[in-house]
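Sequence lines set the chain letters: A, B, ... in the order given, protein chains first and strands last, and positions in each chain run from 1. Side chains are part of it too, since the values below use all heavy atoms of this structure and drop only hydrogens, waters and symmetry mates.
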Amino acid sequence: MARKLPLKFYARDAAVVAPELLGMLLVHHVGGQARVGRIVETEAYQGPEDQAAHSAGGRRTPRNEIMYGPAGHSYVYFVYGLFHCVNVITQRVGIPHGVLIRALEPVSNLEGKTSGPGLLCRAMGIDRSHNGLNLRGDQLYIAHPGRKHYRTPEVHSTPRIGVDYAGTWVSMPWRFFDTASSCVSKAPKR
DNA sequence: AAAATGATCAAG
DNA sequence: TTGATCATTTTA
């Protein structure tokens, strides 16, 4: 019943796509099994204007190159020497938007915590080797769970986490989460 | 409050 | 080549 999201879904502003990703399924096929989680927390990053984005000011490096490519692809990076984070690229070629997946509710084959961007990548088995994958392919993708299984999220928004360096963009309410889920990451205190 | 821990990037 | 930084997490 689950159906992969079409290119059209991704080809919009990250701040529009981010809340709509709540309730969708992130699927990773690894070692003959499908690891599946329900997306319950996301954040939008909209370069080049957004000073919190890796693509702020049009910055373009080997790491974030994929942000400038077509929508519907993965952007995976390594941060703090310890954790990977996975993003979905949105908008069109040349406009570096992305949505960070911040928390999942386990659905199948997930071990360990999934309430945080670094933790969910560990549980899903996602690392830099999964950078740039087409999310309409067969290895890593996002799907609508299907009418019968879809639970409508209670969407709330707050400012984003861990971007204190971003000046006025810090206060942009581009973190979205399902308040009905117990798997949302706990926001650190300021 | 601060450590853990290493890729990444801009500067020199 | 180097040094500062970092879209995090855990422990105290």
Q: Salt bridge check, A/Asp13 against A/Arg92: does any charged N sit closer than 4.0 Å to a carboxylate O?
A: no
Q: Can you give the first and last nucleotides of DNA chain C, 5' to 3', that have an atom under 4.0 Å from a heavy atom of chain A?
A: C/dC6 to C/dT10
Q: Which of these, A/His73, A/His28, A/His84, A/His29, sits in a ring pair (Phe, Tyr, Trp, His ring centres under 6.0 Å) with A/His130?
A: A/His28
Q: Let me check I have this right: for DNA chain B, each base becomes ., (, ), [, ] or |, based on Watson-Crick or G-U pairs with both distances under 3.5 Å. What is the full string?
A: ||||.||||||.
Q: Using modelled atom types only, decide if a donor and an acceptor are shared between the side chain of A/Ser55 and the backbone of A/Pro96 within a distance under 3.5 Å.
A: yes
Q: Does A/Tyr150 have A/Arg147 sitting over its ring (NZ/CZ under 6.0 Å from centre, angle to axis within 45°)?
A: no
Q: So, A/Ser115 side chain and A/Ala103 main chain: donor-acceptor pair closer than 3.5 Å or not?
A: no
Q: Does anything in residues 74-91 of chain A reach DNA chain B, meaning a heavy atom under 4.0 Å, and if so which residues?
A: A/Phe78, A/Tyr80, A/Gly81, A/Leu82
Q: Would A/Asp178 and A/Arg38 count as a salt bridge (charged side-chain N to carboxylate O under 4.0 Å, His left out) here? Give the steps.
A: CA-CA 11 Å; A/Asp178 179 1; A/Arg38 177 177 178 266; 3.1 Å; yes
Q: Under 6.0 Å from the six-membered ring centre of A/Tyr10 and within 45° of its axis: does the NZ or CZ of A/Arg12 meet both?
A: no
Q: If you look only at pairs with a residue in residues 62-74 of chain A, which of them pass as a salt bridge (charged side-chain N to carboxylate O under 4.0 Å, His left out), with sequence neighbours excluded?
A: A/Arg60-A/Glu65
Q: Can A/Arg102 and A/Thr42 be counted as having a side-chain donor-acceptor contact under 3.5 angstrom?
A: no
Q: C/dA4 and B/dA3: how far apart are their P atoms, nearest whole angstrom?
A: 16 Å
Q: Does the separation of the ring centres of A/His97 and A/Tyr45 fall below 6.0 angstrom?
A: no
Q: Where do A/Glu105 and A/Arg151 land on the salt bridge (charged side-chain N to carboxylate O under 4.0 Å, His left out) test, with the steps shown first?
A: CA-CA 12 Å; A/Glu105 262 176 28; A/Arg151 258 189 301 133; 2.6 Å; yes
Q: Between A/Trp174 and A/Trp169, how do the two ring planes meet: parallel, tilted or perpendicular, split at 30° and 60°?
A: tilted
Q: Are A/Val27 and A/Val17 linked, directly or through other ILVMFWY residues, by side chains that come within less than 4.5 angstrom of each other?
A: no
Q: Looking at residues 35-53 of chain A, who's got a heavy atom less than 4.0 Å off DNA chain B?
A: none
Q: What is the distance from atom CD of A/Glu49 to atom CD1 of A/Ile95, rounded to the nearest 0.5 Å?
A: 8.5 Å
Q: At the 4.0 Å heavy-atom cut-off to chain A, mark where contacts on DNA chain B begin and end, going 5' to 3'.
A: B/dA4 to B/dA10
Q: Is it true that atom NZ of A/Lys113 has more than 12 heavy atoms of other residues, nucleotides or ligands lying nearer than 6.0 Å?
A: no
